[in-house]
Amino acid sequence: MTRVPTQGPASGPDDLAHTPRPGSLAARARAAAAPTPYLSGLNAEQRRAVEATEGPVLVLAGAGTGKTRVLTTRIAHLIATGLAWPSGILAVTFTNKAAREMKERVAHLVGPAAEGMPWLGTFHAIGTKILRRHAELVGLKSDFTILDVDDQIRLLKQVLQAENIDDKRWPARQLASLIDGWKNRALQPAKVPHGEAAAFAHGRGAELYALYEERLKILNAADFGDLLLESIRLFQEHPDVLADYQRRFRYILVDEYQDTNVAQYLWLRLVAQAHRNLCCVGDDDQSIYGWRGAEVDNILRFEHDFPGATVVRLERNYRSTGHILAAASHLIAHNEGRLGKTLRTEDEPGEKVTVTGAWDSEEEARLIGEEIEALQGKGHPLSEMAVLVRISAQMREIEDRFVQLGLPYRVIGGPRFYERMEIRDALAYLRCVVQPADDLAFERIVNTPKRGLGDATLQVLHAHARAARIPLMEAARFIVETEELKPKPRRTLRDLLANFSRWSQSLEATPHTELAETVLEESGYTEMWQKDRSAEAAGRLENLKELVRSLEEFPDLPSFLEHVSLVMDAVESDSDDRVSIMTLHAAKGLEFDTVFLPGWEEGLFPNQRALDESGRAGLEEERRLAHVGLTRARRRAKLYFASNRRIHGLWNSTIPSRFIDELPEASVEVTEAPAAYTYGSYGQSRFDMAEPFRSSYATPGWQRAQANSAGWGGGRGGQSGSFASGRGAGARRGGPLMIEGELVAKSTGTASAFGTGDRVFHLKFGPGTVAAVDGNKLTVDFDKAGRKMVLDSFVERGS
DNA sequence: TTTGGCCGAGTTTTT
DNA sequence: CTCGGCCAAA
């Protein structure tokens, strides 16, 4: 029988013998009578979600409806009423940030009792905790190391090499992502479907997966997927252990349920079986991680999986104004696979969502910069503005512009602190000191800084390590006593080993921050960056200092290393007034007064690749992403699209996103780019030029374009944007363009003035031949730029 | 063993 | 265009 130790002295029933046992009749009676001040601020649905403590509960919480509040209040309620001890509640989140926040808020509600919530954390943190207690049952030791992605790839490369597989043809990365996918679906090597295994190295995928798993066990290591998968295996193979946890977790809460993958779902189902008090909170409309294994199906199927489930819908939004909410709701209503919620607000309609067309992405960045400066001038803090992009590649141009303007900004979600090269190197040193058997860490730093211990030396070490079944460092100790290596590397290696011995010995006597500094100094690692004359070197040294500083918050090196392997994000410290720039994915869970959403163009957003790979499901996920973006805004949402965007260095002509057409006309305002680049009275509204891309012009976008064109025919001088700004050198400006523009706008939209085979001229792409005509969309083979799809209003007749 | 140049690829990302 | 990875020469 495996004993599950109790966490914290105050959390065991014995310490509070005079209070009724949780879940007992007495406890329930007390629950009914207990004063519940924390419930007073909740609305009716929120309250229902909090008070439905027994049985399965699904809370469908739309954006900004108080999801976290319900979760934390529910925990407080369980504790305050005596239904459960803090240690009897399992609360899982996806991110450390969410876990941290929840812990804080629960503590705020119920006081220090929350400190005894040992089972509030991420899936992975909780999986690790369980796994460490029963490691020997799954073939690990309790001090197993958790591999990061780098280690994983390195290990897979070794496996591939050992199997004589060309790792150029079959990259380790690709295998890593396959294995990751299998682990997300809780597939052990033997269960990998034949067809999928065939996709790698002539059907050897599953075999390699098995070999990799074998290596992991030998190294006493687990990757992220294992943290869950191995605890599932533990539960399945040792029912007594499972029963223990089932008994322990009287109440279970899950945040962001729409993001759970199959493995997490299975894990939850195992653990929740006994009491069935499972409360899942999520929003199917915010499921944006399908591509990495999240199963929207988990949330869509909840009532089926847990019969008799109470379903609570939270639809009252406390975040955004009416127009923003209307836009978001209208948009997401185009999705078919959803449970269906309608967000509503009692807030005023507020400002309409704006849609602004730009000639190209450069102008788009400029417009955003101007708008931010204007808002700033009116006293809006920069920290309340965010630019949310679809792909990181969009950030560069925005950043460039902000740098030019001197606008302070912060990029959120880029390479994280613990993922930086210098930090990983430093951590590898520390791992070697604490855990000399950590081969992957040793390999990482054995020749960093360069000390002449290259591939040749490593090969020798590997050969001996494998033959003797011992860790690399141990093998090295043996080899330096032999004549295997040439004198120079032998000497270097001996010195390095001596260093590690010394450091490991001082592990107990020396304070760990001091030891860390010593290691980095004596290994020559700090020196390496001090000598480096590159631009980043100073920053890297600064990061190393930061690393040593953050060590202070932990009692010793091992606990620090455990922390960083699970918590890859460093706590953001600066609260300066800066504009945030991030991807839409990174923005989930955040909110800002003003949100800028550039790049709403077909191909970019919805992203072509998502469409190609996942079809309709992909489109729906993209639409959810758009919905997430809009609902981040409290007061202002500003959309942009550019008619031309550089992709992989080449300029591409683009058309506005279909999502723009899916917005409700009444809540949207089409704005003109300011008239900064006017050329006489020629030129057009960019919006009109680019908008009508569908063969049917009944769309709101088209209607808006029509409304906009009311004043055409003259006097539109000030409306021009940079269309005729001289970018297309040598192009004739004026006349024909204007005529074409009117033709397009006033026609019924079915016929184009061009036919197949016509020679045309485009400002950006130069001369070309029309290859196909679809309404006002032309497919043109440009002489220089190749085949592009453009709107006929962008071209004029050429020779 | 190290370094520079060439080639190819190129969403989204947490743990 | 821009980065990372790999190979060929010092």
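Just so it is clear: chains get the letters A, B, ... in the order the sequence lines come, proteins before strands, and each one is counted from 1.
As judged by a 4.0 angstrom heavy-atom cut-off over every strand, A:Arg396 is placed among residues touching the sugar-phosphate backbone only. Within the nucleic acid shown, A:Asp259 has no heavy atom closer than 4.0 Å to any nucleic acid atom. Residue contacts shown for A:Gln394 are absent, as no nucleic acid heavy atom lies under 4.0 Å away. Using a 4.0 Å heavy-atom cutoff across all strands shown, A:Ala456 reaches sugar-phosphate atoms only and no base atom.
In this structure, of B:dG10, B:dT12, B:dT1, it is B:dT1 that holds the atom nearest to the side chain of A:Thr457. Listed nucleotides B:dT13, C:dC6, B:dT15 differ in distance to A:Lys157; the shortest reach to its side chain belongs to C:dC6. Among the nucleotides B:dT15, B:dT13, C:dC1, the one closest to any side-chain atom of A:Arg646 is C:dC1. With B:dT3, B:dT15, B:dT11 as the candidates, the nucleotide lying closest to the side chain of A:Ala610 is B:dT11. In this structure, the nucleotide among B:dT15, B:dT14, B:dT12 sitting nearest to the side chain of A:Arg292 is B:dT14.
Along DNA chain B, the nucleotide nearest A:Glu622 and the nucleotide nearest A:Arg451 are compared for position; the residue whose nucleotide lies closer to the 5' end is A:Arg451. Each of A:Gly225 and A:Asn607 has a nearest nucleotide on DNA chain B; the 5'-most of these lies closest to A:Asn607.
In terms of polar N and O atoms assigned as donor or acceptor, the side chain of A:Arg390 comes within less than 3.5 Å of the base of B:dT12 in a complementary pairing.
A cation-pi arrangement is not found for A:Arg424 relative to A:Tyr418, the charged atom failing to lie both closer than 6.0 Å to the ring centre and inside a 45° cone about the ring normal.
The closest side-chain donor-acceptor pair between A:Asn261 and A:Glu295, if any, does not fall under 3.5 angstrom. At a cut-off of 3.5 Å, with distance as the only test, a side-chain donor of A:Glu397 or A:Ser361 sits close to an acceptor on the other residue.
Going from atom CD1 of A:Ile288 over to atom P of B:dT14 covers 11 Å, rounded to whole Å. In this entry the distance linking CG of A:Asn447 with C1' of B:dT1 reads 8 Å, nearest Å. Note: CZ (A:Arg645) to C1' (B:dT11) measures 14 Å, nearest angstrom. Here B:dT14 presents its P atom at 11 Å from NE2 of A:His124, a figure rounded to the nearest Å. One can place CG of A:Asp455 at 15 Å from C1' of C:dA8, the figure rounded to the nearest angstrom. Note: CD (A:Glu613) to C1' (B:dG10) measures 13 Å, nearest angstrom. Between the C1' atom of C:dC6 and the CZ atom of A:Arg173 lies a distance of 14 Å, rounded to the nearest Å. Protein atom CG of A:Leu160 is 16 Å distant from nucleotide atom C1' of C:dC6, rounded to whole Å.
Contact annotation: A:Asn96 side-chain N/O to B:dT15 OP1/OP2 distance is under 4.0 Å. Between A:Thr583 and B:dT13, a side-chain N or O to OP1/OP2 separation shorter than 4.0 Å is present. In this structure, A:Asn261 does not reach the B:dT14 phosphate: none of its side-chain N or O atoms is under 4.0 Å from OP1 or OP2.
Taking CG from A:Leu497 and CZ from A:Phe442, the interatomic distance works out to 5.5 Å, rounded to the nearest 0.5 Å.
With its glycosidic angle within 90° of 0, B:dT11 is assigned syn.
Stacking annotation: A:Trp291 is stacked on the base of B:dT12 (ring centroids less than 5.5 angstrom apart, interplanar angle below 30 degrees). Per the stacking criterion (ring centres < 5.5 Å, plane angle < 30°), A:His648 does not stack onto the base of B:dA9.
To the nearest whole angstrom, the two C1' atoms, one in B:dT14 and one in C:dC3, are 23 Å apart.
Aromatic ring centres of A:Tyr289 and A:His585 lie closer together than 6.0 Å. For A:Trp600 and A:Tyr640, the ring centers are positioned 6.0 Å apart or more.
With sequence neighbours excluded, the residues that form a salt bridge (Lys or Arg N to Asp or Glu O under 4.0 Å) with A:Glu364 are A:Arg645.
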